[in-house]
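This report refers to the structure that appears directly beneath it.
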Number of protein chains: 2
Amino acid sequence: MTNKAITIIDIAKLLGVSKSTVSRALKDHPDISNATKEAVHMMAKQLKYKPNAVAMSLRHKKSKVIGLIVPTLSPFFFPSVIHGIENEVNKRGYNLMILQSNESYEREVRNVDILQSNNVEGILVSISRKTEDLSHFTSLIEDNTPIVFFDRIPKSIQADMVLVDDVLGAFTAVEHLISIGKRKIAICLGNPNLLISSNRLSGYKKALKKHSIEINEEFIITGESSEEAENETKKLLELTNPPDAILAISDLTMSGIMKAMYAKKIKIPEDIAVIGFCEDTFSQMYNPPVSTIDPMGIEIGKIATERLFQRIHENNILEPKTINLSSRLIIRDSTKI
Amino acid sequence: MTNKAITIIDIAKLLGVSKSTVSRALKDHPDISNATKEAVHMMAKQLKYKPNAVAMSLRHKKSKVIGLIVPTLSPFFFPSVIHGIENEVNKRGYNLMILQSNESYEREVRNVDILQSNNVEGILVSISRKTEDLSHFTSLIEDNTPIVFFDRIPKSIQADMVLVDDVLGAFTAVEHLISIGKRKIAICLGNPNLLISSNRLSGYKKALKKHSIEINEEFIITGESSEEAENETKKLLELTNPPDAILAISDLTMSGIMKAMYAKKIKIPEDIAVIGFCEDTFSQMYNPPVSTIDPMGIEIGKIATERLFQRIHENNILEPKTINLSSRLIIRDSTKI
DNA sequence: ACCGGTCGTGCAACCGGTTGCGGTTAATAA
DNA sequence: TTATTAACCGCAACCGGTTGCACGACCGGT
């Protein structure tokens, strides 16, 4: 947009009318005669007139832009969410502005400022690990900006939340493992600061408790990176009494776990069954394809966006609501006995 | 931004000065006395004043926004590219507006309009499969909007292009297979309309030719989806004279190929070696981890963005240039004899 | 000939900043 | 004391489109 774009003023001059007339003609205002309307439309087409969204945004304070803040764009989860979001946003004639916080509190605050500056009509956020102080969000809410949190949600704030029921998800996974006869069930956690870790862990414990299986602390390992997960899993496999099933908390940990399994030539699922929280696409890449509790990335994006637009259209007067999606269990060969 | 945000006018009124003074004070203009500057800054901080990016964008026609059009946001390639792009864009204090064309020509045209309307300062594009007519891009270029194409580039247009040398990539892959003693080398293509398919195919052929290996048409298969790739690979494996190596053209085809390998209990790499064009992260998920010609998603995004900013900063007067990244070969167990 | 009402259009203010230019004040030089 | 000038600041136009209001032309009815 470096060159002079043509404006309604150009059309007005060429037609010898005022710019208000052009403006009204373009939006089919009843005040304008058909003759004038046609002339304006013709001219607009001819000059390839494109309305200036920035000017309109300034005028009505509606930018037709939705802001998104995610901690990272690295695989696997957030790109899927974005996919779900973009579909919905685009469907409504809105556009999406994406910002990464890179797990930094300062950048998250700055990103909120940027989105405010750009007059976005609503914001979707998954907060960074470091975020403790929530004042940048509370002030947004006080300013009456529609906002929906998803996945990485803040603990104490009055706002819409969209997430999957991780406790239930882990519970379901573990019950499934039990149902195929496994009882020595391990879990590989990811970053302990994330709510998903503690939630999934508690679902895991809940299921064991329900089935009167004692919790073995040796079976609870942590792998923030794929390598770490791989190493920890190897240690697990070397225990005198190793597990007969393992639950991976993320795509990344699953990747490490499966490497360890291959290295130790474990038979899946006979020796050890494997299940994880993996995107459908990725869960099928393993040998055998792994059973999974779908983390529902696309779905989360879709639902969060729908809720955001509900807020936008109803003047943001809705009661804050937490939407708990229940993730679905997909059974594949890694748990088929 | 539904509520009244505070503006320089609010500050001006409270301080009993004009808005021009506030404006100048905020940007440290020498005309303004230190006393006034301090007062303004204090008040701005106190009221949590946030400059209105939209108004500024309207004024100097600089939006600080970069537009991105991709065919899809589904895994695997484009999310990586976006990751690379966002890092660079953000680093420069710019923001990113993302649009999907969903492989539709009409949506691509519409997306270009949207970006123009939003006064983006530059555009990054990977074109849709359906795009034949390029007039929406040529008119952009005539309007002097900085633009850089990447990966899916149009054939005949004068503009910057960033891509990996696919011919060389495939050539390298095949030579690597030959170097470990394979000679019956198959290739699984993806969508035949994509330039990467024909380029990688020609690199494949070139390498075979160089080593005087006859091209076997039976060894050239196509799998647009993972399932199709799986089925075609199975057929391949049932040939009376099956290949001893296979080159996968994408993550998706690799996924299908590996499934077929597992199903047929092929030993990798002894029976058949496998190599693909896979993202590093994903190539390690297989058993064994597969060798790969890195498609350099993040890198492409980075380079394309750097080039775009070069254009933006140098008033778009650069000669169009095609940047050919050479992808690197990563050798893993799937080709280690 | 006068009044009221429609129809079509233009004027000007507005959104929130930026900026050229001109004006006011006080300090300094002549 | 007066002219000069630097230091500070305000006016108003501008970016591109929107919109309340007024205005002129034209019509029919009395």
Side-chain angles (χ1 to χ4, degrees), chain A residues 1-41 43-44 47-65 113 116-121 143, chain B residues 1-41 43-44 47-65 113 116-121 143:
Chain A
M1 199 80 2
T2 311
N3 256 11
K4 56 282 150 195
I6 69 115
T7 74
I8 55 168
I9 300 186
D10 300 322
I11 299 179
K13 277 192 191 141
L14 286 172
L15 254 41
V17 297
S18 75
K19 64 174 185 169
S20 3
T21 299
V22 174
S23 170
R24 282 189 263 251
L26 285 173
K27 45 184 41 186
D28 216 42
H29 190 104
D31 272 5
I32 306 298
S33 71
N34 287 327
T36 310
K37 277 181 191 169
E38 276 177 36
V40 169
H41 277 113
M43 187 61 75
L47 299 183
K48 292 187 186 174
Y49 165 75
K50 309 251 169 67
N52 184 325
V54 175
M56 293 173 53
S57 170
L58 179 59
R59 185 70 238 257
H60 320 97
K61 314 246 214 146
K62 303 238 167 166
S63 55
K64 292 265 173 194
V65 175
D113 276 0
Q116 280 201 97
S117 272
N118 281 281
N119 277 7
V120 298
E121 292 187 43
D143 281 357
Chain B
M1 200 79 1
T2 311
N3 256 11
K4 57 281 151 196
I6 69 114
T7 74
I8 55 168
I9 300 186
D10 300 323
I11 300 179
K13 276 191 191 144
L14 285 171
L15 254 43
V17 297
S18 75
K19 64 173 186 171
S20 3
T21 300
V22 176
S23 170
R24 282 189 264 251
L26 286 172
K27 44 184 43 186
D28 216 42
H29 190 104
D31 269 5
I32 306 298
S33 71
N34 287 328
T36 311
K37 278 181 191 169
E38 277 177 35
V40 169
H41 277 111
M43 187 61 76
L47 299 184
K48 293 186 186 173
Y49 165 75
K50 310 252 168 66
N52 184 326
V54 175
M56 292 172 54
S57 170
L58 178 59
R59 184 70 237 258
H60 11 54
K61 311 242 216 160
K62 303 238 167 166
S63 56
K64 293 266 175 194
V65 175
D113 276 359
Q116 280 201 97
S117 272
N118 281 281
N119 277 6
V120 298
E121 291 187 43
D143 281 355

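A note on names: the letters A, B, ... follow the listed sequences, proteins ahead of strands, and every chain is numbered from 1.
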Please tabulate, for the side chains in residues 5-13 of chain A, all donor-acceptor contacts under 3.5 angstrom to protein atoms that are two or more places apart in sequence or on a different chain.
| unit_1 | atom_1 | unit_2 | atom_2 | d |
| --- | --- | --- | --- | --- |
| T7(A) | OG1 | I9(A) | N | 3.0 |
| D10(A) | OD2 | T7(A) | N | 2.7 |

To the nearest 10°, let me know how far the axis at one end of the helix from dA1(C)-dT30(D) to dA30(C)-dT1(D) is tilted from the axis at the other, five pairs an end.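 Axis angle across the helix from dA1(C)-dT30(D) to dA30(C)-dT1(D), nearest 10°: 70°.
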Acceptor/donor pairs from residues 32-41 of chain B side chains to any protein atom, 3.5 angstrom cut, sequence neighbours excluded:
| unit_1 | atom_1 | unit_2 | atom_2 | d |
| --- | --- | --- | --- | --- |
| S33(B) | OG | T36(B) | N | 3.2 |
| S33(B) | OG | T36(B) | OG1 | 2.7 |
| K37(B) | NZ | H29(B) | O | 3.1 |
| H41(B) | ND1 | K37(B) | O | 3.1 |

Establish, with yes or no, whether the OP1 or OP2 oxygen of dT9(C) is under 4.0 angstrom from a side-chain nitrogen or oxygen of S33(A).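 Checking S33(A) against dT9(C): at least one side-chain N or O falls below 4.0 Å of OP1 or OP2.
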When you check the phosphate oxygens OP1 and OP2 of dT9(C), does a side-chain N or O of T36(A) lie under 4.0 Å from one of them?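 Checking dT9(C) against T36(A), a side-chain N or O does come within under 4.0 Å of OP1 or OP2.
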Each nucleotide of nucleotides 16-22 of chain D classed B (base within 4.0 Å of a protein heavy atom), S (only sugar-phosphate) or -, in 5' to 3' order, makes BBBBB--
For K19(B), salt bridge (Lys or Arg N to Asp or Glu O under 4.0 Å) partners two or more places apart: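 Partners of K19(B) by the salt bridge (Lys or Arg N to Asp or Glu O under 4.0 Å) criterion come out as none, since no residue qualifies.
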Considering residues at least two apart in sequence or located in another chain, which fulfil the side-chain contact (heavy atoms from CB on, under 4.5 Å) criterion with K27(B)?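 side-chain contact (heavy atoms from CB on, under 4.5 Å) list for K27(B), sorted by chain: empty.
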Check side chain to side chain donor-acceptor pair (under 3.5 Å) between T21(A) and all other residues, then give those that pass, not counting sequence neighbours.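 T21(A) satisfies side chain to side chain donor-acceptor pair (under 3.5 Å) with S18(A) once adjacent residues are dropped.
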Remember a base hit wins even if backbone is also touched, and classify V17(B) as base, sugar-phosphate or nothing at under 4.0 Å, heavy atoms. sugar-phosphate
In a table with atom names and distances, give each donor-acceptor pair under 3.5 Å that connects a side chain of residues 49-58 of chain A to protein atoms at least two apart or in another chain.
| unit_1 | atom_1 | unit_2 | atom_2 | d |
| --- | --- | --- | --- | --- |
| K50(A) | NZ | D113(B) | OD1 | 3.4 |
| N52(A) | OD1 | V54(A) | N | 2.8 |
| N52(A) | OD1 | A55(A) | N | 3.1 |

Side chain proximity check, V22(A) to M43(A), heavy atoms < 4.5 angstrom: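 Side-chain contact under 4.5 Å: no.
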